[in-house]
Structure formats: C-alpha cells, structure tokens
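My structure is below; once you've seen it, I'll send some questions.
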Amino acid sequence: MVFTNNKETKRANLHKAILKIVDDIRGAVDGWDFKTCIPCFLFHRFISEDLVEYIKNIVERECKLRAQIEVIVADLEGQGAQ
C-alpha cells in the first residue's frame with residue numbers, strides 16, 4: 001500500500017509539473033486555441049519527417065540511376081573505340 005501511495009504521489013507531482021510547464025509555454029493564449037495548435041504542430045512534424053524520408057529515397061534512386069548511366073556510357077564509349 002505504501003508503495004502504491006508513493007507511486008501515486010510521484011505521478012501527481014509529475015502531472016502538476018507538466019501542467020505548470022504547459023501553462024508557462026502557453027502564456028496568454030486561450031486553452032482552446034492552444035489545444036487546436038498542438039495537432040497542427042504534430043501533423044506538421046509528421047509531414048516534415050515523411051517528406052525528408054521521401055526526398056532521401058529520391059536522391060538515393062537518382063544516385064543509383066546516375067551510376068547505371070555512367071556504366072552504360074562507359075560501355076558505349078568502349079565499344080566505339082573498338
């Protein structure tokens with residue numbers, strides 16, 4: 001029982017600390033406006049991370065294609081010299 005009470009106390013203190021931080025960050029912004037902004041920020045982060053991964057894949061494919069083209073060009077130049 002003592003362990004559970006201690007755990008609950010720590011959890012309550014953590015919640016209080018988090019709410020204080022949120023209030024400090026939020027400042028004078030209305031709670032409703034703050035709540036509507038958070039999903040937008042999360043969505044923006046998700047899109048940004050997804051976009052970065054998409055661009056990395058495009059660059060990787062382009063590098064592979066360039067390497068293949070260089071091999072083909074070298075083979076064609078080698079055939080032309082014969």
Side-chain angles (χ1 to χ4, degrees):
M1 283 286 189
V2 174
F3 178 74
T4 304
N5 190 20
N6 189 22
K7 184 177 179 182
E8 291 173 4
T9 304
K10 286 182 180 181
R11 185 175 182 167
N13 289 337
L14 178 62
H15 282 250
K16 286 178 188 177
I18 291 172
L19 289 176
K20 184 182 180 321
I21 292 169
V22 168
D23 284 339
D24 290 344
I25 292 171
R26 180 174 57 187
V29 177
D30 182 36
W32 179 253
D33 292 335
F34 185 75
K35 287 180 183 178
T36 58
C37 289
I38 296 301
C40 294
F41 288 130
L42 293 175
F43 180 71
H44 180 267
R45 180 178 176 197
F46 171 76
I47 293 297
S48 297
E49 290 173 353
D50 196 38
L51 185 61
V52 167
E53 193 63 34
Y54 178 74
I55 291 171
K56 284 181 181 178
N57 289 337
I58 289 174
V59 169
E60 184 178 313
R61 280 186 279 161
E62 183 179 334
C63 289
K64 288 178 182 178
L65 287 173
R66 284 181 188 243
Q68 291 173 351
I69 290 170
E70 289 175 3
V71 169
I72 292 170
V73 169
D75 286 345
L76 291 174
E77 288 174 349
Q79 290 176 358
Q82 292 177 354

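Just so we're clear, the structure is a prediction, and the values are computed from it rather than from any experiment.
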With clusters defined by side-chain heavy atoms of hydrophobic residues (ILVMFWY) lying less than 4.5 Å apart, directly or transitively, does Ile55 cluster with Ile47? no

Between Glu60 and Lys56, is any pair of side-chain heavy atoms under 4.5 Å apart? no

When rounded to the nearest 0.5 angstrom, what distance separates CD1 in Ile18 from NZ in Lys16? 13.0 Å

At what distance, to the nearest 0.5 angstrom, does CG of Leu65 lie from CD of Glu62? 8.0 Å

With Tyr54 as reference, evaluate Asp50, Ile58, Asn57 under the side chain to side chain contact (heavy atoms under 4.5 Å, CB included) test and give the passing residue. Ile58

Does Glu70 pair with Arg66 as a salt bridge, N-O distance under 4.0 Å? no

Nearest 0.5 Å, please: how far is CG in Leu42 from NE2 in His44? 11.5 Å

Running the 4.5 Å side-chain criterion over Ile, Leu, Val, Met, Phe, Trp and Tyr, what cluster does Val73 land in, apart from itself? Ile69

